[in-house]
Amino acid sequence: MAKLPEMYNLSTDISYALSRGLPVVALESAVITHGLPRPHNLELAREMERIIRESGVAPATIALINGEIKIGLTDEELVNLAQEENLTKISLRNMGIGLARGLSGGTTVAGTLFTSHMTGIKVFATGGIGGIHRGNPFDVSADLNALAEHPVVVVCAGAKAILDLPATLEALDTRGVPVLGFGTEDFPAFYSRSSGLPVDFRVDHPGEVVEIARAHWKAGHRSAILVGNPVPESDALDPDQIEQSIKQAIREAEDAGISGAALTPFLLERVNLASAGESMQTNLSLLRNNARLAAEIAIHFSDSNLVTF
Ligand code: PSU
Ligand code: MN
């Protein structure tokens, strides 16, 4: 691994794993600071790490901590991220500001993808990617451009239906990002298993994801590979039901004049409130499910034997 600038701070486990080509899965932290309410955020962060570790893979939760980019967090750092108020949501545009000012914050999909690429991590698990907002076509998440620029496999449950899903898929196409469906022909819609929109290709085995990623990158492409992994059937919600909460949340955001970086967290919170706990269970279930699949993909990337972390 090339020497990283001094603001990158890798945990001993992650540094060991990466230097030996052992499997690593990156995890974002905006879901901890801005995506899920307490105490579910901390429980979930710990649980995703545990699932990945139990597969014999090193979990690398990434965050900005006191002006350093930390890759692989201590439990104390997870607790702080989950409990402190007013932490920054770190995307691409404000990472340098956060570093220079000694801030702490949760990295979005864009921030985590960028950091994974810099550190040589090939697989990243998240819940849902950002995209193009409904009725707000100029609010395009930096996640989309980051997916175009960083050669990392991103496992998600699709994009949340708070977004304009057809426009989001078109934007991925424009940016040359392959979209795979794991065990499905349809792009998942986060709370529900299908958006009714097709993926580029269905895969049924983690090894297939690795074959496609290797071919894509070997040919010289530099984009991410997006894997849509539908939420387990037993935890999926009825799309019509969740649609009511989403419409209501979008109206409230408009009335309150919420825009920019605050919009996604606002909508997520409102939808969670409106669907009273049920959508939370779905959210937690799909995050665990994505951690599991990402770990399997990471193992297929790694030529080394399994070791325990
Ligand atoms: N989608 C979710 N939960 C989340 C996010 C998206 O279902 O927590 C977070 C991710 O960190 C994602 C970010 O990268 O929101 C997108 O925000 P924005 O639209 O401001 O780019
Ligand atoms: Mn946005």
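One-based numbering, in listed order, for ligands and for the atoms of each. As the structure is a prediction and not an experimental result, all values here were calculated from the model. The chain is numbered in sequence order, starting from 1.
Once rounded to the nearest 0.5 Å, the distance linking CG of Leu286 with CZ of Phe190 reads 4.5 Å. Ile129 CD1 to Thr108 OG1: the interatomic distance, rounded to the nearest 0.5 Å, is 11.5 Å. Atom CE of Met280 is separated from atom OG of Ser275 by 8.0 Å, given to the nearest 0.5 angstrom.
The side-chain contact (heavy atoms from CB on, under 4.5 Å) test with Glu28 singles out one residue from Thr112, Thr33, Ile90, Thr61, and that residue is Thr112.
Nearest non-hydrogen protein atom to atom 3 (N) of ligand 1 is Leu268 CD1, 3.4 Å. When hydrogens are left out, the protein atom nearest atom 15 (O) of ligand 1 is Thr264 CG2, 3.5 Å; that is the closest non-hydrogen contact. Residue, atom and distance of the protein heavy atom nearest to atom 21 (O) of ligand 1 are Ser141 OG, 2.7 Å.
Taking each of Asp139, Asp143, Thr107 in turn, the one with a heavy atom nearest to atom 13 (C) of ligand 1 proves to be Asp143.
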Evaluate the criterion side chain to side chain contact (heavy atoms under 4.5 Å, CB included) for residue pair Asn290 and Thr126; output intermediate values, then yes/no. CA-CA 7 Å; Asn290 293 347; Thr126 182; 5.9 Å; no
Using side chain to side chain contact (heavy atoms under 4.5 Å, CB included), reason through Ile97 and Thr88 one step at a time and then give a plain yes or no. CA-CA 11 Å; Ile97 298 169; Thr88 312; over 6 Å; no
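For the Mn ion (ligand 2), the neighbouring protein N/O/S atoms at less than 2.8 Å, given as residue and atom, are Asp139 OD1.
Ring pair Phe114/His150 is perpendicular by interplanar angle, where above 60° counts as perpendicular and below 30° as parallel.
Atoms of ligand 1 lying under 4.0 Å from any heavy atom of Gly128, numbered from 1 in the order shown and given with element: 1 (N), 2 (C), 6 (C). The ligand atoms of ligand 1 that sit less than 4.0 angstrom from a heavy atom of His133 are 19 (O). For ligand 1 and Lys89, the ligand atoms under 4.0 Å from any heavy atom of the residue are 17 (O), 18 (P), 20 (O). Listed by number with element, the atoms of ligand 1 under 4.0 angstrom from any heavy atom of Glu28 are 10 (C), 11 (O). Taking a cut-off of under 4.0 Å to the non-hydrogen atoms of Gly35, the atoms of ligand 1 that pass are 8 (O). Which parts of ligand 1 touch Ala30 is read off a 4.0 Å heavy-atom cut-off, strictly below it: atoms 11 (O).
Annotation: Val109 places an N or O atom under 3.5 Å from an N or O atom of ligand 1; distance criterion only. Between Gly260 and ligand 1, a contact under 3.5 Å exists for no N or O pair.
Side-chain heavy atoms closer than 4.5 Å link hydrophobic residues (I, L, V, M, F, W, Y) into clusters, and following such links, possibly through other members, connects Ile65 to Leu87.
Looking at Asp186 and Arg193, no side-chain N of the basic residue comes within less than 4.0 Å of a carboxylate O on the acidic one, giving no salt bridge.
At distances below 3.5 Å, not a single donor-acceptor pair connects side-chain atoms of Ser15 with backbone N or O atoms of Leu10. Counting only distance, with no hydrogens or angles, the side chain of Ser141 and the backbone of Leu144 share no donor-acceptor pair below 3.5 Å.
Side-chain atoms of His216 and Ser223 form a donor-acceptor pair, as typed in the model, at a separation below 3.5 Å. A donor atom on one side chain and an acceptor atom on the other are found under 3.5 Å apart for Gln248 and Glu252.
Residue-level proximity to ligand 1 for Asn283 is absent, since no heavy atom of it falls below 4.0 angstrom. At a heavy-atom distance under 4.0 Å, no atom of His34 approaches ligand 1.
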